[in-house]
Amino acid sequence: QVQLVEPGGGLVQAGGSLRLSCAASGRTFSIYAMGWFLQAPGKERAFVAAINWSGGLTYYADSVKGRFTISRDNAKNTVYLQMNSLKPEDTAIYYCAAKYSSYYYYAPQLRDEYDSWGQGTQVTVSS
C-alpha cells in the first residue's frame, strides 16, 4: 500500500490563495490516479478534483472550476491543489486520495473508487 501525507492547509482570508500538497510513499512504482476531496462537518466526503497518471486528464467539481487547479509531479510522488479566489464556503477538511490501476487514461471522480487516503488537512477561509 501507499501512504499519503498532506502537509499544508491553514487559515486564509476570503479572496486569498492556498496550495495543498500530498506526498506518497510506499508502493509508488504502480500507475495511479490522484484526487482531492473535501468534507465539511456533518456532510459526506465530496469530490473536488482528479488527475490521471500522466497529468493530461483532469476533472473538477463545478463549484471550484476556474479557481482550483490540480497538478502532479511523479518524480516527487506528489500531487498539488492550487486554490485561488477562496470563499468561506470552501472551508472544510481536504483529503487526497490515490487509485492504483493499469490504465494511464483514468481519473475517477467517485470516492468509493479510490484505494488509499491521506490524513486530511484543515482549510479555513475567513470572511
Side-chain angles (χ1 to χ4, degrees):
Q1 268 294 322
V2 173
Q3 293 75 50
L4 304 176
V5 179
E6 305 177 37
L11 175 64
V12 298
Q13 185 179 356
S17 297
L18 192 65
R19 180 172 174 263
L20 304 183
S21 62
C22 175
S25 63
R27 201 186 72 173
T28 56
F29 55 85
S30 298
I31 297 169
Y32 57 97
M34 298 288 293
W36 286 97
F37 290 76
L38 64 82
Q39 189 164 20
K43 304 294 184 180
E44 293 185 344
R45 197 167 298 185
F47 172 75
V48 176
I51 187 168
N52 77 322
W53 172 250
S54 69
L57 177 66
T58 58
Y59 295 106
Y60 297 94
D62 289 341
S63 60
V64 306
K65 285 182 178 178
R67 300 190 298 122
F68 292 8
T69 302
I70 187 171
S71 62
R72 67 190 299 164
D73 185 344
N74 288 347
K76 298 180 179 180
N77 298 314
T78 301
V79 64
Y80 304 94
L81 186 68
Q82 179 64 47
M83 310 164 71
N84 298 326
S85 301
L86 282 162
K87 306 174 181 179
E89 307 92 88
D90 298 319
T91 296
I93 299 175
Y94 285 74
Y95 298 87
C96 67
K99 169 62 179 180
Y100 304 94
S101 175
S102 61
Y103 301 105
Y104 286 92
Y105 204 70
Y106 180 67
Q109 301 172 63
L110 300 177
R111 64 181 183 181
D112 290 344
E113 295 192 47
Y114 285 87
D115 300 307
S116 299
W117 293 86
Q119 82 282 0
T121 186
Q122 177 69 47
V123 172
T124 302
V125 183
S126 62
S127 60

Any salt bridge (Lys or Arg N to Asp or Glu O under 4.0 Å) pairs touching [range], not counting sequence neighbours?
range	answer
residues 33-44	Glu44-Arg111
residues 95-104	Lys99-Asp115
residues 51-62	Asp62-Lys65
residues 67-87	Arg67-Asp90

Taking atom CD as the centre, does Gln122 end up with more than 12 heavy-atom neighbours from other residues, nucleotides or ligands that are less than 6.0 angstrom away? yes
Residues passing the ring-ring contact (aromatic ring centres under 6.0 Å, His included) test with Phe47, sequence neighbours excluded, are Phe37
Close side-chain approach of [X] and [Y], heavy atoms under 4.5 Å:
X	Y	answer
Tyr100	Ile31	no
Glu6	Ser21	no
Val48	Phe68	yes
Tyr94	Met83	yes
Tyr80	Ile70	no
Ser127	Val125	no
Leu20	Val123	yes
Leu18	Leu86	yes

Are Tyr59 and Tyr106 linked, directly or through other ILVMFWY residues, by side chains that come within less than 4.5 angstrom of each other? no
Is it true that Tyr104 and Ile51 fall in one hydrophobic cluster, defined by side-chain heavy atoms closer than 4.5 Å? yes
Spatial distance of atom [atom1] ([X]) from atom [atom2] ([Y]) [nearest 0.5 Å]:
X	Y	atom1	atom2	result
Leu38	Tyr95	CG	OH	10.0 Å
Ser126	Gln13	OG	CD	5.5 Å
Met34	Asn77	CE	CG	9.5 Å
Ser116	Leu4	OG	CG	5.5 Å
Leu81	Cys96	CG	SG	10.5 Å
Tyr114	Gln109	OH	CD	8.0 Å

Closest contact, heavy atoms only, Ser17 versus Val12: O-CG1, 3.9 Å
Does Leu110 sit in a hydrophobic cluster with other residues, and if so which ones, taking ILVMFWY side chains as linked at heavy-atom separations under 4.5 Å, directly or through other members?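 Noted: Leu110 shares its cluster with no other residue.
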Are the aromatic ring centres of Trp53 and Tyr32 under 6.0 angstrom apart? yes
Under 3.5 Å, side chain of Asn52 to main-chain N/O of Ala33, donor-acceptor pair present?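 A pair under 3.5 Å: no.
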